[in-house]
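Whatever order the structure lists them in is the order used to number ligands and atoms, beginning at 1.
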Amino acid sequence: MERMPYSEPYKIKTVESIKVLTHQERQAKIKEAGYNLFNLRSEDVYIDLLTDSGTGAMSDKQWSAIMTGDESYAGSKSFFKMKDKIVDLLKMPYVIPTHQGRAAENVLFSALIKEGDIIPGNTHFDTTKGHIEFRNAFACDCTINEASDADNEHPFKGNVDIGQLESVIKQNRSKVPFVVLTVTCNSGGGQPVSMDNIKAVSDTCRKYDITLVFDVARFAENAYFIKTREKGYEDKSITEIVAEMFSYADACTMSAKKDGIVNIGGFIALRSEELYKQCSVFTIIYEGYLTYGGMAGRDMAALAVGLEEVTDFDYLRSRIGQVQRLGKKLQDAGIPIIKPVGGHAIYVDAMKFFPHIPQDQLPAQTLGVELYTEAGVRGVEIGIVLADRDPITRENRKPKFDLLRLAIPRRVYTENHMEVVVWGLKKVHERRNSCKGLELTYEAPIMRHFTARFKKLD
Ligand SMILES: Cc1ncc(COP(=O)(O)O)c(C=O)c1O
């Protein structure tokens, strides 16, 4: 029997108007913004693919949880609702709320990192790296080599090279307090980590008695890829896969703005009571009391529901399906993108898109500016600007790729919006040879991409 096509497992109940500026208006807006897409007002953006973080649409059930959630400093009912859901899903007994993912990193890393430490991982996210380097420690990228080949269709490009990880640990035994595994791997292309690799990383950490921390902003999307790409998991439910994934970790940091489908929030989940006690001190200093940690009660209540919804297979199939379809259309149009397409974003390979623009003239930043000007679509640079300078030499780090990330918010845009994205990139591609690069005119000493300013090269 012919299979019935699937679509979004929800219908649209509330809408927000968006306006379309003229080409000329967009040119003026981006110039005023110092050619930094972060400096644009969101009302001047037509389709906002800057991030999938905190930009998802909440469900009717989440909104009603907002209304019934309580606000309390100590012992909030909403905290326990959220905690119960997290414990049920991740099977980790200690939970600390934080106001977002980087705050969870700040608290946990305050307890774990000291100056000179080395933290191996799979292409650490920028805030993770920032929190490591801020403590004068070093992030060591041990991602598999296949991840640096844009055309390699390896199904789990977020995987760690176990040999490399073990040799880093052996050479620096006393300086490695923990390993951080990001699932899915954001900076590496939204690429998943296989269960087999998660287990191997865990075995290596246990062999050397090293804590394994997961960065789980997109844990459910990772579980979806395990279910659909890894042998032996086809018949398991998403929650079963999630439980197995977390069984290999000692602790995790979560940016709930992604797979929590809330607009703000995060948490730490832990197995060790001792580490929980250490983190509690930093939580109270930096975030707030242990039963709200910088979140309002209503947001914790919405997060409890979001964590339930995000593990629904039909939701994940429609969410990841939208990203995959956009990737396919772009590939068919000859736009160079990282393959295979990851879970939450398309990564356009700007050095291939603009072969005439050298990396120090910022090809991905240039592509972001051109795409906004052409079609009002906002992406974000994941390249030389984001990579910052080496903390010791102060030289620009030159990552292998200069990427424009188009992150798709959860449950927000329709297929027609995606058509506009394809159209915009095609238009820029047609006139690519006439595009010129950019030059930095201002940069902050750390995490410069957020506030940098640029000028157009003649
Ligand atoms: C993998 C990963 N970790 C951590 C963070 C930081 O989370 P937040 O933006 O909530 O501080 C992000 C945000 O994009 C992320 O993608």
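A salt bridge is absent between Arg218 and Asp259; no separation between the charged side-chain nitrogens and carboxylate oxygens falls under 4.0 Å.
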Residues Trp63, Thr14; criterion side-chain contact (heavy atoms from CB on, under 4.5 Å); working and verdict: CA-CA 12 Å; Trp63 282 110; Thr14 306; over 6 Å; no
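For ligand 1, the polar-atom distance check against Thr128 finds no nitrogen or oxygen pair separated by under 3.5 Å. Residue contacts with ligand 1: Thr184 is placed with no nitrogen or oxygen under 3.5 Å of a nitrogen or oxygen of the ligand (distance criterion only). No N or O atom of Ala217 sits closer than 3.5 Å to an N or O atom of ligand 1.
In Lys352, the NZ atom is crowded: over 12 heavy atoms of neighbouring residues, nucleotides or ligands sit closer than 6.0 Å.
Of the protein's non-hydrogen atoms, the one nearest atom 13 (C) of ligand 1 is Lys258 NZ, 2.4 Å. When only non-hydrogen protein atoms are considered, atom 8 (P) of ligand 1 lies nearest to Gln100 NE2, 3.3 Å. The protein non-hydrogen atom at the shortest distance from atom 10 (O) of ligand 1 is Ser255 OG, 2.6 Å. Nearest protein heavy-atom contact of atom 1 (C) of ligand 1 is Asp215 OD2, 3.4 Å.
For ligand 1, the atoms sitting less than 4.0 Å from at least one non-hydrogen atom of Thr182 are 1 (C), numbered in the order shown with element in parentheses. Near Thr127, meaning under 4.0 Å from any of its heavy atoms, are these atoms of ligand 1: 4 (C), 5 (C), 6 (C). In summary, the atoms of ligand 1 found under 4.0 Å from a heavy atom of Glu105, numbered by their order in the structure, are 4 (C). For ligand 1, the atoms closer than 4.0 angstrom to any heavy atom of Lys257 are 9 (O), 10 (O).
Ring-centre distance between Tyr315 and Tyr224: not below the 6.0 Å cut-off.
Between Thr51 and Pro409 the shortest heavy-atom distance is O-CG, 3.9 Å. Residues Leu403 and Asp349 approach most closely at CD2-CA, 3.9 Å, considering heavy atoms.
Heavy atoms of Arg102 found under 4.0 angstrom from ligand 1 belong to the backbone as well as the side chain.
Taking the six-membered ring where tryptophan is involved, the planes of Tyr347 and His344 are perpendicular, since the angle between them exceeds 60° and thus also 30°. His417 and Tyr46 have perpendicular rings, their planes meeting at more than 60° on a 0 to 90° scale where under 30° would count as parallel.
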